[in-house]
Amino acid sequence: MKIDLTGKVALVTGSTRGIGRAIAYTLAECGAIVAIVGRNQATADAVAAEIPGARGFACDVSEPLQIVSLVEAVEKHFGSCDILVNNAGITKDNLMLRMKDEDWDAVLDANLRSAFVATRAVSRGMMKRRWGRIVNITSVVGLIGNKGQANYAASKAGLIGLTKSVAKELASRNILCNAVAPGFIETEMTAAMAPEAKSAMSGQIPLDRLGAPGDIAATVAFLSSEYASYITGQVLVVDGGLTM
Ligand code: NDP
């Protein structure tokens, strides 16, 4: 059993580092042509240069018009957009009582509205071609909540509602939409944590380690493949057993 994505074009938002970059590498290893996306063109180009056939695109996913232009550019350059991975995400943590409206809006715009706008933009072409895969990167925090992350948890829970609604609307066109909910994964987003906090946390994970970006990338590759052709509207939790 080998995942074969030859001939498919994959757009992965937030693929200049961390989980998104691992997803881009893995999809490319499976044969897909990959669009690398980040806010800075030079950074996206540098990552794309390491992946055969890939190309870098600059886009701030908090800006809807930039997403529309991004999808147009990817479809123009590669001819289609068959796989969309809504991975770009940010945190602006604070206790709910101290959270500023602008930090709420920034997180919801970057993490949730971005996925809606990108999904709407790619779905026209996918409907015409009667094939599409959309994978939204949510979080276990969207399932269980977290102190200090009301904005982030709301955005990630919102992604789950979006995933299920899109899955129902597009199923008849052979477009599948699923979500992956990572637990704690070692990236720059979690690097800021104190070592004691990290070890306390991994102590609560039955598999006794933080996850690696590749753990999420493999799941996304599976959900993008023909092996997942009867799976839609699901949330696949990849957390070492943390929330079971
Ligand atoms: P990182 O902070 O390491 O990387 C974030 C990526 O998103 C970067 O490539 C960054 O690119 C890009 N990005 C951020 N904001 C924007 C924006 N406005 N427009 C376009 N690109 C943007 O994060 P992770 O790899 O850790 O996280 C990836 C996803 O996984 C996120 O959605 C996160 O919420 C989710 N997740 C992560 C977990 C973890 O433990 N790490 C756990 C659960 C979920 P650039 O700076 O070049 O613009």
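Atoms within a ligand are numbered from 1 in the order they appear, just like the ligands themselves. None of these values were measured; they are calculated from a predicted model.
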- Value rounded to 0.5 Å, distance of OG1 in T190 from CD in E186: 6.5 Å

- Item | Side chain, backbone, both or neither: I185 near ligand 1, heavy atoms under 4.0 Å | both

- Message: Closer than 4.0 Å to some heavy atom of I90 - which atoms of ligand 1 meet that?
- Response: 14 (C), 15 (N)

- Task: Could you tell me whether V37 approaches ligand 1 through its side chain, its backbone, both or neither, with non-hydrogen atoms closer than 4.0 Å?
- Result: neither

- Task: Considering heavy atoms of the protein only, find what lies nearest to atom 20 (C) of ligand 1 and give residue, atom and distance to 0.1 Å.
- Result: C59 O, 3.1 Å

- Only heavy atoms count here, so choose which of A88, A106, S155 is nearest to atom 22 (C) of ligand 1. A88

- Note on the structure: Note: R21, heavy atoms under 4.0 Å from ligand 1, region reported as neither

- Task: Could you tell me if any non-hydrogen atom of I137 lies under 4.0 Å from any atom of ligand 1?
- Result: yes

- Task: To the nearest 0.5 angstrom, please state how far the CD atom of E29 sits from the CD1 atom of I51.
- Result: 9.5 Å

- Message: If the condition is side-chain contact (heavy atoms from CB on, under 4.5 Å), which residues does A221 pass it with, not counting sequence neighbours?
- Response: I3, T26, L27, C30

- Query: L108 and side chain to side chain contact (heavy atoms under 4.5 Å, CB included): which partner among L112, N111, D105?
  - Reply: L112

- Message: Tell me whether D60 reaches ligand 1 (any heavy atom closer than 4.0 angstrom to a ligand atom).
- Response: yes

- Taking only heavy atoms of S62 into account, list the atoms of ligand 1 that are under 4.0 Å away from them. 18 (N)

- Quick one: CD1 on I134 to OG1 on T119, what's the gap to the nearest 0.5 Å? 4.5 Å

- Any atoms of ligand 1 less than 4.0 Å from a non-hydrogen atom of G18? List them with their elements. 25 (O)

- Message: Do S15 and V47 have side chains that approach each other closer than 4.5 Å (heavy atoms only, starting at C-beta)?
- Response: no

- In Å, rounded to the nearest 0.5 Å, how long is the span from CG of D93 to NZ of K147? 14.0 Å

- Item | More than 12 heavy atoms from other groups under 6.0 Å of CG on L95 | yes

- Looking only at protein heavy atoms, which one is nearest to atom 31 (C) of ligand 1, and how far off is it? N87 O, 3.2 Å

- Query: So which protein heavy atom does atom 2 (O) of ligand 1 come closest to, and at what separation?
  - Reply: R17 NH2, 3.5 Å

- Is the closest basic N to carboxylate O distance between R129 and D82 below 4.0 Å? yes

- Task: Could you tell me the residue and atom name of the protein heavy atom closest to atom 16 (C) of ligand 1, and the distance to it rounded to 0.1 Å?
- Result: R39 NE, 3.6 Å

- How far is atom 37 (C) of ligand 1 from its nearest protein heavy atom, and which residue and atom is that? I19 CD1, 3.6 Å

- Distance filter under 4.0 Å to F184 heavy atoms, resulting ligand 1 atoms: 40 (O)

- Task: Measure the distances from the heavy atoms of T91 to every atom of ligand 1 and state whether one is below 4.0 angstrom.
- Result: no

- Considering the options L159, I23, N86, T219, which one meets the side chain to side chain contact (heavy atoms under 4.5 Å, CB included) requirement together with I137? I23

- Query: Under a 4.0 Å heavy-atom limit, does T16 contact ligand 1 with its side chain, its backbone, both, or neither?
  - Reply: both

- Measuring from the heavy atoms of E186, does anything fall under 4.0 Å of ligand 1? no

- Task: Pick one of side chain, backbone, both or neither for how V61 approaches ligand 1, counting any non-hydrogen atom pair under 4.0 Å.
- Result: both

- When you measure from atom 36 (N) of ligand 1 to every protein heavy atom, which one gives the shortest distance, and what is it? Y152 OH, 3.6 Å

- So between A115, P182, P213, whose heavy atom ends up nearest atom 43 (C) of ligand 1? P182

- Are G183 and ligand 1 in contact, using a heavy-atom cut-off of under 4.0 Å? yes

- Do we get R21 above Y25's six-membered ring, with its NZ or CZ under 6.0 Å from the centre and within 45° of the axis? no

- Query: Got I160 and L143 here, is their nearest side-chain heavy-atom distance under 4.5 Å?
  - Reply: yes

Could you pull out every donor-acceptor pair under 3.5 Å between side chains of residues 202-211 and any protein atom, sequence neighbours left out?
unit_1: S202; atom_1: OG; unit_2: K198; atom_2: O; d: 3.3
unit_1: S202; atom_1: OG; unit_2: S199; atom_2: O; d: 3.3
unit_1: R209; atom_1: NH1; unit_2: D215; atom_2: OD2; d: 3.1

- Query: Does K92 make a cation-pi contact with W104, if we ask for NZ or CZ under 6.0 Å from the ring centre and within 45° of the axis?
  - Reply: no

- Query: So which protein heavy atom does atom 44 (C) of ligand 1 come closest to, and at what separation?
  - Reply: T138 O, 3.2 Å

- Query: Nearest protein heavy atom to atom 12 (C) of ligand 1, by residue and atom, and its distance?
  - Reply: G14 CA, 3.4 Å

